[in-house]
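Letters A, B, ... mirror the listed sequences (proteins, then strands); counts begin at 1.
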Number of protein chains: 2
Amino acid sequence: MEEKLDLLRQHFEELFALTDDEWNFVQSHFQYKSLKKHQFLIQAGQAVDFEYWIIKGLVKAYSIDEKGKEHILQFAMENYWVSDHCAFQHQEPGSIFVDCLEDSEFFCLSLENREKICLQVPAVANFFRIKSNHGYINLQQRILSLLTMTVESRYEYLLNKLPKLIQRVPKKLIASYLGVSRETLSRFNS
Amino acid sequence: MEEKLDLLRQHFEELFALTDDEWNFVQSHFQYKSLKKHQFLIQAGQAVDFEYWIIKGLVKAYSIDEKGKEHILQFAMENYWVSDHCAFQHQEPGSIFVDCLEDSEFFCLSLENREKICLQVPAVANFFRIKSNHGYINLQQRILSLLTMTVESRYEYLLNKLPKLIQRVPKKLIASYLGVSRETLSRFNS
DNA sequence: AGCTAAGAGTGACCTAAATCACTTTTCAAA
DNA sequence: TTTGAAAAGTGATTTAGGTCACTCTTAGCT
């Protein structure tokens with residue numbers, strides 16, 4: 001467990017250094033969780049008590065439409081943060097699912113604890129500020145790619161941006177992430 | 001100008017209170033700018049020196065594809081923050097345009113000044129942390145709406161979410177925001 | 001008030017991608 | 001090592017939405 005917490009500390013300190021005292025305070029607000037492939041981290045309709053930092057593994061966050069079709073909002077792996085951020089922030093029942101594509105391990109942070117460590121340790125507030133900002137920028141680029149690019153160039157762009165991800169994820173899920181049918185994506189690869 | 005700065009202070013204090021000293025420090029890092037309808041706040045290819053808080057007015061942020069077609073990334077009005085966040089954060093030439101749909105006024109914040117006030121005043125770091133988080137949540141919902149909803153329901157959703165905006169913006173721009181052609185949107189309205 | 005230009009509606013036609021149906025390949029669990 | 005299920009490929013058909021061309025309407029400007 002010590003090494004796992006070290007990874008988390010390194011993750012924080014990529015942006016802002018923490019004193020040992022600060023880190024001890026911060027780390028005491030996380031709890032550990034481990035799940036097997038196919039298990040759910042978050043289910044629509046249920047309370048979303050945590051955001052999760054992924055120590056190891058791979059998950060998909062997705063919503064299911066009226067026709068039962070799955071739409072991938074995000075893939076998240078080592079060093080990523082994942083949650084139903086909307087439900088988490090407003091402390092209401094979630095509307096998306098998050099499940100494991102591989103056996104995965106997480107550090108869990110409740111909203112109360114997040115606010116506590118942000119108010120207590122300014123470096124942590126700044127960490128999440130910068131992280132959120134990066135996330136915002138990424139989502140803006142994804143929106144632009146959905147609005148401006150063809151399916152084919154969206155796929156190439158993703159291949160280029162996250163090559164390791166593609167190896168770990170079935171193509172039908174990539175298709176869903178790109179907003180295109182499995183069949184159409186298949187016709188481009190070949 | 002005093003009343004305008006008061007508006008900005010109110011905006012900050014919606015989330016976290018500031019002492020008068022803190023506020024004086026913070027506000028000294030902003031500068032005022034005013035533009036007429038059709039003038040550019042940001043142009044692709046040029047440096048993006050600021051993020052902008054909108055005191056009054058309405059702007060559109062958009063990118064232009066190879067065919068010269070405009071794709072709206074964001075509309076922003078009173079109390080919104082707008083920039084080419086990606087270029088701003090990385091201090092590189094921008095890739096989007098922002099221009100005024102109405103005469104508009106702004107408070108401008110440079111990256112250097114933003115970091116300065118965030119490190120100096122934790123409440124400001126927390127303010128931007130929460131704001132970024134809200135922005136992230138909004139963009140996730142927009143992505144989901146692009147992936148899961150039909151054009152018609154995306155339009156209804158937007159009408160419902162930002163009714164005042166629709167009144168101030170030509171429908172062809174709404175169409176562009178929704179990722180659909182002017183003609184197709186027109187057929188739904190009627 | 002009159003004029004220009006932008007915005008908006010609408011019909012005809014076209015195309016990219018969805019859908020459906022089926023086959024082939026890959027992989028993991030018994 | 002077999003075997004059943006998930007993943008992936010592919011052909012035929014359908015369809016939502018794009019594009020083009022034109023008209024009608026609205027809003028600034030002088």
- Item | Any Lys171(B) side-chain nitrogen or oxygen under 4.0 Å from OP1 or OP2 of dA8(C) | no

- Sequence neighbours left out, what passes side chain to side chain donor-acceptor pair (under 3.5 Å) with Lys171(B)? Give chain and number order. none

- Length of the NZ-P vector between Lys37(A) and dA5(D), whole Å: 16 Å

- Query: Nearest-Å distance, CG (Asp103(B)) to P (dG28(D))?
  - Reply: 12 Å

Protein N or O to nucleotides 13-20 of chain D N or O, pairs below 3.5 Å:
residue	atom	partner	partner atom	Å
dG18(D)	OP1	Ser181(B)	N	3.2
dG18(D)	OP2	Ser181(B)	N	3.0
dG18(D)	OP2	Ser181(B)	OG	3.0
dG18(D)	OP2	Thr184(B)	OG1	2.6
dT19(D)	O4	Arg187(B)	NH2	3.1
dC20(D)	N4	Glu183(B)	OE2	3.2

- Task: Can you tell me the distance, in whole Å, between the CG atom of Leu147(B) and the C1' atom of dA17(C)?
- Result: 15 Å

- Between NE2 of His71(A) and C1' of dA18(C) the distance, given in whole Å, is 12 Å

- Whole angstrom value for the distance that separates P of dA27(D) from CD of Glu102(B): 14 Å

- pair Leu41(A)-Phe97(A): side-chain heavy atoms closer than 4.5 Å: no

- Query: What do the steps show when you test Glu13(A) against Arg9(A) for salt bridge (charged side-chain N to carboxylate O under 4.0 Å, His left out), and what is the final call?
  - Reply: CA-CA 6 Å; Glu13(A) 293 202 322; Arg9(A) 182 172 185 174; 3.6 Å; yes

- Query: Atom CD1 of Ile166(A) to atom P of dA7(D): distance rounded to whole Å?
  - Reply: 16 Å

- In whole Å, what is the span from the CG atom of Leu101(B) to the P atom of dA27(D)? 16 Å

- Task: Assign the ring pair Trp81(A) / His11(A) to parallel, tilted or perpendicular, where the plane angle (0 to 90°) is split at 30° and 60°.
- Result: tilted

- Query: Is there side-chain contact between Gln120(B) and Glu22(B), with at least one heavy-atom pair below 4.5 Å?
  - Reply: no

- Could you check if a side-chain atom of Met77(B) sits within less than 4.5 angstrom of a side-chain atom of Leu165(B), using non-hydrogen atoms only? yes

- Item | Euclidean distance, atom CD of residue Gln167(B) to atom C1' of dG7(C) [Å, nearest integer] | 16 Å

